[in-house]
Amino acid sequence: MTIPTQATGTSAGGPGPEAGETLLRVTGLKKHFPVTKGVLKRQTGAVKAVDGIDFDVRAGETLGVVGESGCGKSTMGRLITRLLEPTAGTVEFQGTDITHLGAGGMRPLRRDVQMIFQDPYSSLNPRHTVGAIVSAPFKLQNVKPEGGVKQAVQRLLETVGLNPEHYNRYPHEFSGGQRQRIGIARALALNPKLVVADEPVSALDVSIQAQVVNLLDDLQDELGLTYVIIAHDLSVIRHVSDRIAVMYLGKIVELTDRQSLYDTPMHPYTRALLSAVPVPDPRRKSGEGRERILLRGDVPSPLNPPPGCRFHTRCWKATEECATTEPPLVPLRPGHQVACHHPENT
Ligand SMILES: Nc1ncnc2c1ncn2[C@@H]1O[C@H](COP(=O)(O)OP(=O)(O)O)[C@@H](O)[C@H]1O
Ligand code: SF4
Ligand SMILES: [Mg+2]
């Protein structure tokens with residue numbers, strides 16, 4: 001496609017990771033937002049946005065994270081990029097505990113870990129030119145690319161499929177999809193190792209969502225990137241994810257490779273999510289071999305999540321055990337972790 005952007009030299013945190021090596025490890029991660037009342041700000045409760053999750057991200061893979069709105073996906077993304085301070089648990093990056101690193105300690109890591117945000121309208125400063133936006137990471141990190149910043153930025157614009165001549169234009173002169181490409185160029189400026197993309201195409205026209213997802217996919221091969229891609233349903237990320245974690249109310253309920261998740265989902269919630277995904281193969285009628293499951297009721301509040309299995313208030317298989325005992329996330333098959341007392345497809 002285009003030339004890789006190697007202008008910035010080696011990245012900050014030492015040598016690049018070997019494919020398959022654990023790049024990120026998350027253990028017991030929690031984020032509780034305190035809820036306060038009155039002038040004294042007495043704490044009356046906490047929103048348990050992320051409530052104890054464990055997972056690894058392997059170098060070179062794409063980990064998809066799906067779940068309904070409010071289940072804690074963005075909070076998880078901000079925790080692993082250290083934009084938020086965790087309430088409990090640890091985050092390790094290439095074997096180093098980064099959970100409580102301060103601004104100084106995080107500085108080299110800010111190069112290695114980048115985030116792409118959902119809304120390409122609000123995440124780009126409307127008063128800055130594209131050149132200023134994409135060159136900001138170089139200035140912030142005091143990186144002087146060979147050939148100068150302007151050349152590096154123009155090369156980045158080309159890499160993401162934008163016209164490098166549009167260096168001096170402003171965000172409002174671009175379409176939504178092009179703006180998200182600007183956000184991607186900015187995220188890639190410093191040759192990151194890990195890119196966390198939080199619903200990168202949710203705000204875009206359905207007709208261009210696939211283009212942007214495919215761009216991310218192409219860039220991954222070209223630049224050896226590792227992705228965590230967050231989405232609220234499976235339709236957008238099903239093709240690009242190597243493994244998928246399904247979240248429900250601050251927890252991971254199922255985590256496995258894409259094929260197993262689609263062919264033999266084991267958590268009832270995953271089955272419900274899958275039954276809502278349109279089947280793109282025209283020879284297969286929508287939902288064939290997969291009855292459509294409509295979930296009753298709303299997602300309960302993370303302020304006061306249900307006891308036992310958090311899904312029991314909406315699960316058609318729920319028993320008494322489900323209402324009292326929380327099922328741990330355990331491997332029921334090699335590489336297939338599920339948190340359920342009565343799993344499907346066993
Ligand atoms: N800064 C915050 N303060 C208080 N509550 C928050 C904050 N950010 C998120 N939440 C709450 O945490 C829960 C999870 O939010 P979020 O991580 O944005 O979910 P998702 O991205 O899956 O939609 C929601 O109930 C949300 O209202
Ligand atoms: S543990 Fe029980 S309530 Fe929870 S998903 Fe499994 S069957 Fe349903
Ligand atoms: Mg979100």
Side-chain angles (χ1 to χ4, degrees), residues 26 29-37 41 43-53 64-81 83-87 115-120 122-123 196-203 228-234 236-237 245-255 265-275 293 295-330 332 337-346:
V26 168
L29 194 64
K30 291 188 183 180
K31 182 67 187 181
H32 292 182
F33 295 106
V35 176
T36 56
K37 208 177 162 186
K41 300 252 180 247
Q43 188 178 338
T44 55
V47 177
K48 301 181 176 93
V50 170
D51 205 19
I53 58 175
V65 178
V66 288
E68 284 161 288
S69 174
C71 72
K73 304 181 298 295
S74 293
T75 304
M76 180 280 297
R78 301 184 113 91
L79 288 170
I80 64 176
T81 49
L83 296 174
L84 271 176
E85 190 71 17
T87 308
M115 197 148 176
I116 296 168
F117 296 94
Q118 172 171 1
D119 187 354
S122 66
S123 60
V196 178
D198 187 0
E199 304 213 28
V201 298
S202 297
V228 173
I229 301 190
I230 296 169
H232 60 261
D233 66 36
L234 286 157
V236 169
I237 56 157
V246 179
M247 282 185 77
Y248 188 78
L249 268 185
K251 295 270 189 188
I252 292 176
V253 297
E254 183 158 11
L255 173 53
M266 296 179 92
H267 197 281
Y269 180 63
T270 309
R271 265 200 65 200
L273 280 185
L274 281 169
S275 80
I293 301 160
L295 285 180
R296 286 168 291 140
D298 294 327
V299 185
S301 163
L303 246 174
N304 196 9
C309 172
R310 289 175 186 207
F311 188 53
H312 86 261
T313 55
R314 300 168 85 196
C315 182
W316 62 97
K317 297 183 92 180
T319 59
E320 215 161 290
E321 185 189 18
C322 302
T324 52
T325 313
E326 184 169 339
L329 183 70
V330 289
L332 294 184
Q337 294 176 282
V338 190
C340 177
H341 296 304
H342 313 293
E344 307 268 293
N345 285 312
T346 42

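All ligand and atom numbering here is 1-based and tracks the order in the structure. What you see below is based on every heavy atom in this structure, not just the backbone, and it leaves out hydrogens, waters and symmetry mates.
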Do Arg310 and Tyr248 come close enough that some side-chain heavy atom pair is under 4.5 Å?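 Answer yes - side chains close enough.
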If you define the side chain from C-beta out and look only at heavy atoms, does anything of Ser69 sit under 4.5 Å from His232?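 Side chain of Ser69 against side chain of His232, heavy atoms only: no contact under 4.5 Å found.
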Please name all residues satisfying side-chain contact (heavy atoms from CB on, under 4.5 Å) with Thr319, sequence neighbours left out, ordered by chain then number.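 Glu321, Cys322, His342.
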Pairing residues for Leu84 by the side-chain contact (heavy atoms from CB on, under 4.5 Å) criterion, not counting sequence neighbours: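 Result, side-chain contact (heavy atoms from CB on, under 4.5 Å) vs Leu84: Lys31, Phe33, Thr75, Arg78, Leu79.
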Rounded distance [0.5 Å steps], [atom1] in [X] versus [atom2] in [Y]:
X      : Y      : atom1 : atom2 : answer
Trp316 : Arg271 : CH2   : CZ    : 5.5 Å
Arg314 : Asp298 : CZ    : CG    : 7.0 Å
Lys48  : Lys251 : NZ    : NZ    : 10.5 Å

List the protein residues in contact with ligand 1, where contact means a heavy-atom separation under 4.0 angstrom.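 Phe33, Val47, Ala49, Glu68, Ser69, Gly70, Cys71, Gly72, Lys73, Ser74, Thr75, Pro302.
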Distances under 2.8 Å only: what protein N/O/S atoms are near atom 6 (Fe) of ligand 2, ordered by chain and residue?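 Within the sphere that stays under 2.8 Å of atom 6 (Fe) of ligand 2, the protein atoms of type N, O or S are Cys340 SG.
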Looking at Glu254 and Thr270, what are the two nearest heavy atoms and their distance?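 Where Glu254 meets Thr270 most closely, the heavy atoms are OE1-OG1, 2.7 Å.
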Over 60° means perpendicular and under 30° means parallel, so tell me whether Phe311 and His267 are parallel, tilted or perpendicular.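 The rings of Phe311 and His267 sit tilted, inter-plane angle from 30° to 60°.
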